[in-house]
Amino acid sequence: MPVEPSVLGVVREVRPDARVVRVDNDPEVVPAGRGCADAPTVFGDLRDPAAIMKDPAVTGLIDFGEPVGVITVAVWHFIPEDAASEYAATLRAGLAPGSHLAISHVCADTVPAAAQEAGKAVYARTANPVRPRTEAEIRALFGGFTLLDPGLVPLGDWRPYDGDPYPEQATESLAGVGVRN
């Protein structure tokens, strides 16, 4: 569900004319966001990035022939398939050089095994099983992208700032932003 500050609000602080499309596969989230004229929500699944990038509601606002920003925060670890790198490669192939990709992902290297198993057990009862990945596996999702400083780091260490409305102290997730080569 859209939260405040919204991605659109943050983006427009930097670039007032920015266009934003939210993509989600949750049957409750999509209808709630469809009515947002300035940042519509469309149904899509990261396991089929090509379909998202061909959706008329997306292409009506976003020109993938130009550099764009794609924010995939706390979503990749809900893709249990080992094909996540393939999905990332498809996404990369559809983005123009200079595009940015943001990822945050639960990291198997920073979460104790017992906590991982407990989390997997909880999410196994939902439509979204969880799949922590190692730092190397998360880094592989950035194939074809150059990571910006400070690199792939614990979420709270990725460019923290005073007054952040959501200051992260958790170390279970890594975050990074890459620029497509």
Side-chain angles (χ1 to χ4, degrees), residues 1-106 123-133 137-138 140-145 148 155 158 165-166 168 173-181:
M1 298 302 247
V3 297
E4 289 299 326
S6 69
V7 170
L8 176 65
V10 172
V11 168
R12 290 222 171 126
E13 284 180 23
V14 177
R15 186 156 180 184
D17 62 339
R19 293 169 300 217
V20 174
V21 176
R22 295 179 186 99
V23 178
D24 209 302
N25 69 353
D26 186 307
E28 293 181 27
V29 171
V30 174
R34 279 205 170 121
C36 299
D38 59 352
T41 302
V42 299
F43 184 85
D45 193 314
L46 191 54
R47 291 173 289 192
D48 191 358
I52 294 168
M53 298 168 83
K54 291 177 185 171
D55 186 302
V58 175
T59 60
L61 286 173
I62 307 298
D63 178 358
F64 290 104
E66 298 291 325
V68 300
V70 178
I71 301 171
T72 59
V73 173
V75 65
W76 288 100
H77 48 254
F78 291 114
I79 297 176
E81 296 90 353
D82 290 331
S85 288
E86 176 186 323
Y87 305 143
T90 301
L91 178 62
R92 179 191 66 246
L95 299 176
S99 293
H100 288 68
L101 173 65
I103 295 175
S104 72
H105 195 304
V106 171
Y123 281 101
R125 297 187 300 250
T126 74
N128 298 305
V130 68
R131 160 87 156 72
R133 289 183 172 79
E137 289 173 311
I138 298 167
L141 297 174
F142 284 104
F145 291 82
L148 299 177
L155 189 58
W158 209 94
Y166 301 107
E168 291 288 337
S173 292
L174 297 181
V177 175
V179 178
R180 187 183 183 300
N181 303 324

Discussion item. Which residues pass the side chain to side chain donor-acceptor pair (under 3.5 Å) test with W76, not counting sequence neighbours?
Written reply: T72
Practice prompt. Give the minimum heavy-atom separation between G44 and N25, together with the two atoms involved.
Written response: O-CB, 3.2 Å
Discussion item. Once ring pair (Phe, Tyr, Trp, His ring centres under 6.0 Å) is applied, do any residues pair with F64, and if so which ones, sequence neighbours excluded?
Written reply: none
Discussion item. With a 4.5 Å cut-off on side-chain heavy atoms, are M53 and L95 touching?
Written reply: yes
Worksheet item: Closest approach of L141 and L101, non-hydrogen atoms and distance?
Response: O-CD2, 4.2 Å
Fill in: Distance, nearest 0.5 Å, that separates CG of L46 from OH of Y87
9.0 Å
Worksheet item: If you take all heavy atoms of A175 and L155, which pair is closest and at what distance?
Response: CB-CD1, 3.4 Å
Practice prompt. Measure from the side-chain N and O atoms of H77 to the backbone N and O of V106, and report whether any donor-acceptor pair falls under 3.5 Å.
Written response: yes
Practice prompt. Specify the closest pair of heavy atoms between S99 and P67, including all atoms of both residues, with the distance to one decimal.
Written response: OG-CA, 3.4 Å
Practice prompt. Give every residue pair that meets the salt bridge (Lys or Arg N to Asp or Glu O under 4.0 Å) criterion with at least one member in residues 51-72, sequence neighbours excluded.
Written response: none
Fill in: Exam field: side chain R47 to backbone I79, donor-acceptor pair closer than 3.5 Å
no
Worksheet item: Of all residues at least two apart in sequence or in a different chain, which pass the ring pair (Phe, Tyr, Trp, His ring centres under 6.0 Å) check with F78?
Response: Y123
Fill in: For R180, all residues meeting side chain to side chain donor-acceptor pair (under 3.5 Å), sequence neighbours excluded
none
Worksheet item: Looking only at heavy atoms, which two atoms of A74 and S104 are closest? And how far apart?
Response: N-OG, 2.8 Å
Item to complete: Report the distance from atom CD1 of I62 to atom CD1 of I52, rounding to the nearest 0.5 Å.
Response: 12.5 Å
Fill in: Listed partners of R125 passing side chain to side chain donor-acceptor pair (under 3.5 Å), at least two apart
none
Worksheet item: Which heavy-atom pair separates H100 from L148 by the least distance, and what is that distance?
Response: CD2-CD1, 3.8 Å
